[in-house]
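These notes concern the structure reproduced below.
What you see is a predicted model; the values in this text were computed from it and never measured.
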Amino acid sequence: MDVRESVLETGERVVFRPIVPDDKQLLQEGLSRLSPEGRYLRFFSPIDHFTERQLRYLTEIDYEDHFAWVALLPDNHESPGVGVARWIRLADEPDVAEGAVTVVDAYQGRGIGKTLLWLAAYSAIQRGIRCFQVWTLGDNAPVSHLMEELGAKPGRVEGGVQEFRVPLPAEPSQLEGTPTPLILRAVAEGKLTASVHEDLRPKTRLERA
């Protein structure tokens, strides 16, 4: 298993590794550490728990079309999860993937989200993904404008959220030479997000009817 380690400014160690099926409780506990606002920004709904079906979907992955990284605190006796980033390949566009990241409120702004997204982008490029699909709330004009300035391409609008496509370079080593890290940082800071489960995706008016 690919395991990476970093140290926060506080001296706390953070371990990054791919998610595994035994992480179901880790995800459930992590969701409980998110504020209501954080849950809404991440899922566009006031979700307060994952169903068993959702937990299976989010942890029992194939690492080829669905990949996720988790961030853990190994020196904490409970080894809590403080963040997760994942991407899921679109069935009808095999070189495009939905990308998303979540960091619990107490550890936001410490670089964990940025690292998770860099790892997600790295693993996606290795598996033939050429761009990430992300979403922003439709009324967030400043973020939408910033996305377009950075080279992201606007797409469809569904249920009040705007789709953007974030291009990825051909090689992982080229990541730092593109606008991609700046866009991923906006995702990590909660300005952009994406739902990556069919039960959690924004629904159009027709689908809600």
Side chain to side chain donor-acceptor pair (under 3.5 Å) involving E93 - partner list, sequence neighbours excluded: R165

Minimum-distance pair of heavy atoms, taken over all atoms of L168 and A121: CD2-CB, 4.3 Å

OG1 on T59 to CD on Q25, rounded to 0.5 Å: 11.5 Å

Ring geometry between H66 and Y57 (parallel below 30°, tilted from 30 to 60°, perpendicular above 60°): tilted

Close side-chain approach of F132 and P167, heavy atoms under 4.5 Å: no

Side chain to side chain contact (heavy atoms under 4.5 Å, CB included) assessment of V82 paired with L72: CA-CA 6 Å; V82 292; L72 310 169; over 6 Å; no

Stepwise salt bridge (charged side-chain N to carboxylate O under 4.0 Å, His left out) test for R110 and E12: CA-CA 11 Å; R110 303 191 189 187; E12 292 178 280; 3.4 Å; yes

Side-chain ion pair, E60 and K24, N-O less than 4.0 Å: yes

Which atom of W69 lies closest to which atom of S123, heavy atoms considered: NE1-OG, 3.5 Å

Check: V15 main-chain N/O paired with E5 side-chain donor or acceptor under 3.5 Å: no

Min side-chain heavy-atom separation L27-I19 under 4.5 Å: yes

Which residues share a side-chain contact (heavy atoms from CB on, under 4.5 Å) with E9, sequence neighbours left out: none

Distance in Å, L26 CG paired with L58 CG, rounded so as to fall on 0.5 Å steps: 12.0 Å

Sidechain N-carboxylate O distance under 4.0 Å for E64, R89: yes

Closest non-hydrogen atom pair between R33 and G81, with its separation: NH1-O, 3.6 Å

Salt bridge present between R127 and D62 (N-O < 4.0 angstrom): no

Residue pair G30 / V104: nearest heavy atoms and the distance that separates them: O-CG1, 3.7 Å

Trace of the side chain to side chain contact (heavy atoms under 4.5 Å, CB included) decision for L55 with Q28: CA-CA 8 Å; L55 288 171; Q28 197 75 277; 3.6 Å; yes

Test: D2 and R4 ion pair at under 4.0 Å: yes

Common cluster, L119/V7, ILVMFWY with side-chain heavy-atom separation under 4.5 Å: no

Test item: T115 and V14 side chains (from C-beta on) under 4.5 Å apart, heavy atoms: no

Close side-chain approach of I125 to E171, heavy-atom, < 4.5 Å: no

Between CD on residue E98 and CG on residue L90, distance to nearest 0.5 Å: 6.0 Å

Close side-chain approach of D23 and V70, heavy atoms under 4.5 Å: yes

Side chain to side chain contact (heavy atoms under 4.5 Å, CB included) between V96 and R130, intermediate numbers included: CA-CA 6 Å; V96 179; R130 292 295 170 258; over 6 Å; no

Heavy-atom closest contact (F50 atom, Q54 atom, distance): CA-OE1, 3.3 Å

Shortest non-hydrogen separation from W87 to A97 and the atoms involved: CE3-CB, 3.8 Å

Sub-4.5 Å side-chain heavy-atom contact between I112 and F16: yes

